[in-house]
*Asks:* 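First the structure, which I've put down as structure tokens, then a few questions once you've had a look.
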Amino acid sequence: MDKIYVKHADFVQREVAGEFLLIPIKRQLADVNSLYVLNETGAALWHRIDGKHSVQEIIKDCSEEYEVTVEQLEKDFNALIEDLLSIKAIQEAPP
Amino acid sequence: MLELNRLTSIPERFPLSCQWEITCRCNLHCVMCYTDCFNRPDMIRDELSTNTILRIMDELADAGCLELCLTGGEPFVRPDFFDIYEHAKTNGFLVTIFTNGTLITEEVADRLAALPPHRIEISFHGLTEQTFEGITQGKGSYQRCLRAIKLLIERNLPLVLKSTAMTINREEILAIKRYVSGLGSVEYRLGEELRATLDGSNAPQRLAIPESEWLEIKQQDPELWAETCRKQSQTPAPCNSGMRRFHIDAYGRLQLCSGNRRMSYDLRTGSFREGFYQALPTFACDFKADVSTLLIQVSAVHV
């Protein structure tokens with residue numbers, strides 16, 4: 001939980017009709033009709049990934065803003081990190 | 001937290017998809033082209049500047065526009081093409097380029113590969129040099145177009161080749177289709193529409209293949225024939241331009257679609273939001289139904 005992540009410059013975030021999309025700009029979409037869409041919690045977490053704040057700090061920050069338990073946020077954030085790593089949208093920040 | 005889904009929350013009217021004719025300039029003069037009449041200095045001088053294009057593009061992004069098709073004329077003729085293209089890409093548009101391919105050199109192909117388009121579509125109207133250049137009226141254009149196809153395939157860029165069926169190339173349409181099917185992942189699209197030119201001449205329509213001859217040609221290809229039969233058995237869908245799709249011409253005029261420019265809203269002086277939400281719904285279209293239809297087909301991976 002003390003890991004720090006940095007966003008990959010390859011992804012641009014767009015808001016389209018209230019949906020938060022992650023668009024890869026240097027790679028083609030795996031399927032031209034598929035887009036990565038963040039849900040509300042995912043978008044809130046994504047906004048806070050800045051290469052400076054740890055996972056723990058981000059969860060604490062979010063828990064003060066949203067009416068969600070820390071346990072639920074930890075679960076959501078871990079799933080999100082796993083997904084973002086799998087599509088190479090983030091990477092662990094260098095020490 | 002990762003699931004496959006569709007973009008379902010897009011409102012019925014939303015500026016999702018833009019076709020932008022960024023110039024009427026072109027290095028070729030295709031015999032059926034409807035924009036070439038404006039490929040002349042006085043009209044070119046009036047086309048949008050780089051800064052105005054980027055400003056309007058930012059307004060499109062702010063309004064939620066996602067799909068952006070850059071067309072012409074020939075988009076690569078603009079000296080600022082990559083300024084426009086890279087701005088679109090880095091702002092998260094899914095960019096499609098319509099091109100004749102003849103200006104795609106190795107250097108251009110490398111730049112595209114570094115920031116790949118969502119799709120690139122090349123007009124390919126003839127399989128022989130004689131037919132091809134009889135249409136484009138550009139000496140050397142056939143070989144340059146073949147070079148572009150090769151360069152883009154080598155870089156695994158998502159390529160579509162498309163032809164417009166005309167009297168001049170009717171003997172080669174089926175051969176072009178077979179040629180493209182031998183190119184692996186390259187898609188093929190056949191167009192049949194010949195439009196009047198932007199200054200009102202019906203000259204391109206004189207190149208139309210007589211219906212009976214055209215049906216005979218299509219009968220020789222199972223896919224084309226199946227498509228023809230399917231279309232004939234269906235009532236044409238009502239036009240949905242202006243609902244989630246719209247068009248911008250080379251002079252910054254917002255219109256329902258490329259084929260209907262009767263009414264415009266000037267984006268040089270007005271805002272995109274006002275144009276899309278207030279002006280566009282009032283524009284006339286002969287093919288509009290009273291009740292609009294859904295058109296989005298994009299699915300999404302929800303993270």
Side-chain angles (χ1 to χ4, degrees), chain A residues 5 7-49 55 58-59 62 66 68 71-90, chain B residues 1-18 57-58 60-68 85-96 111-121 152 155-160 185 187 244 296-303:
Chain A
Y5 291 94
K7 289 172 188 165
H8 200 291
D10 185 10
F11 277 79
V12 173
Q13 196 231 306
R14 287 286 314 276
E15 188 181 343
V16 174
E19 301 247 39
F20 294 92
L21 310 180
L22 291 182
I23 313 274
I25 59 170
K26 292 183 183 170
R27 280 178 269 154
Q28 287 161 38
L29 295 167
D31 171 349
V32 290
N33 287 322
S34 295
L35 302 168
Y36 296 108
V37 183
L38 292 161
N39 63 21
E40 191 185 348
T41 314
L45 295 168
W46 168 262
H47 281 306
R48 288 167 171 79
I49 295 173
V55 171
I58 292 173
I59 289 172
C62 280
Y66 294 92
V68 184
E71 291 73 27
Q72 185 61 46
L73 274 175
E74 281 178 359
K75 194 177 158 203
D76 288 350
F77 203 15
N78 284 334
L80 177 72
I81 293 286
E82 202 175 304
D83 290 337
L84 294 175
L85 285 169
S86 74
I87 63 170
K88 298 189 175 69
I90 59 167
Chain B
M1 215 170 176
L2 190 72
E3 57 179 302
L4 196 63
N5 212 325
R6 281 174 178 270
L7 278 178
T8 51
S9 65
I10 306 279
E12 192 176 31
R13 266 209 91 229
F14 187 81
L16 188 69
S17 183
C18 172
M57 198 186 292
D58 289 345
L60 300 188
D62 186 57
C65 181
L66 183 62
E67 297 174 347
L68 182 61
Y85 176 72
E86 287 167 8
H87 190 81
K89 282 288 298 179
T90 53
N91 280 282
F93 285 98
L94 304 180
V95 185
T96 295
R111 284 186 83 169
L112 291 173
L115 218 52
H118 188 58
R119 200 166 62 234
I120 184 158
E121 300 194 4
L152 298 175
R155 285 156 182 78
N156 292 316
L157 291 170
L159 180 61
V160 176
S185 62
E187 287 180 41
R244 290 177 178 168
I296 189 158
Q297 300 296 328
V298 175
S299 62
V301 179
H302 282 260
V303 180

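The analysis underlying the following values was restricted to heavy atoms, covering all of them including side chains, and did not include hydrogens, waters or symmetry mates. A, B, ... follow the sequence lines: proteins, then strands. Residue 1 opens every chain.
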*Asks:* Should we count CD of A:Q72 as having more than 12 external heavy atoms under 6.0 Å?
*Replies:*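 Yes, CD of A:Q72 has more than 12 neighbouring heavy atoms, counting only those of other groups under 6.0 Å.
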
*Asks:* Taking the side chain as every heavy atom from C-beta outward, state whether B:T90 and A:I25 have any pair of such atoms under 4.5 Å apart.
*Replies:*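 They are in side-chain contact.
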
*Asks:* Evaluate the side-chain contact (heavy atoms from CB on, under 4.5 Å) criterion for residues B:L16 and A:V16: first the C-alpha distance (whole Å), next the side-chain angles of each, then the deciding distance (0.1 Å), finally the verdict.
*Replies:* CA-CA 8 Å; B:L16 188 69; A:V16 174; 3.9 Å; yes

*Asks:* Name the region of B:A63, side chain, backbone, both or neither, that has any atom closer than 4.5 Å to a heavy atom of chain A.
*Replies:*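 When you check distances to chain A, no heavy atom of B:A63 falls under 4.5 Å.
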
*Asks:* Tell me the closest heavy-atom pair linking A:R14 and B:C65, and the distance in Å.
*Replies:*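 Closest heavy-atom pair between A:R14 and B:C65: NH2-O, 2.6 Å.
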
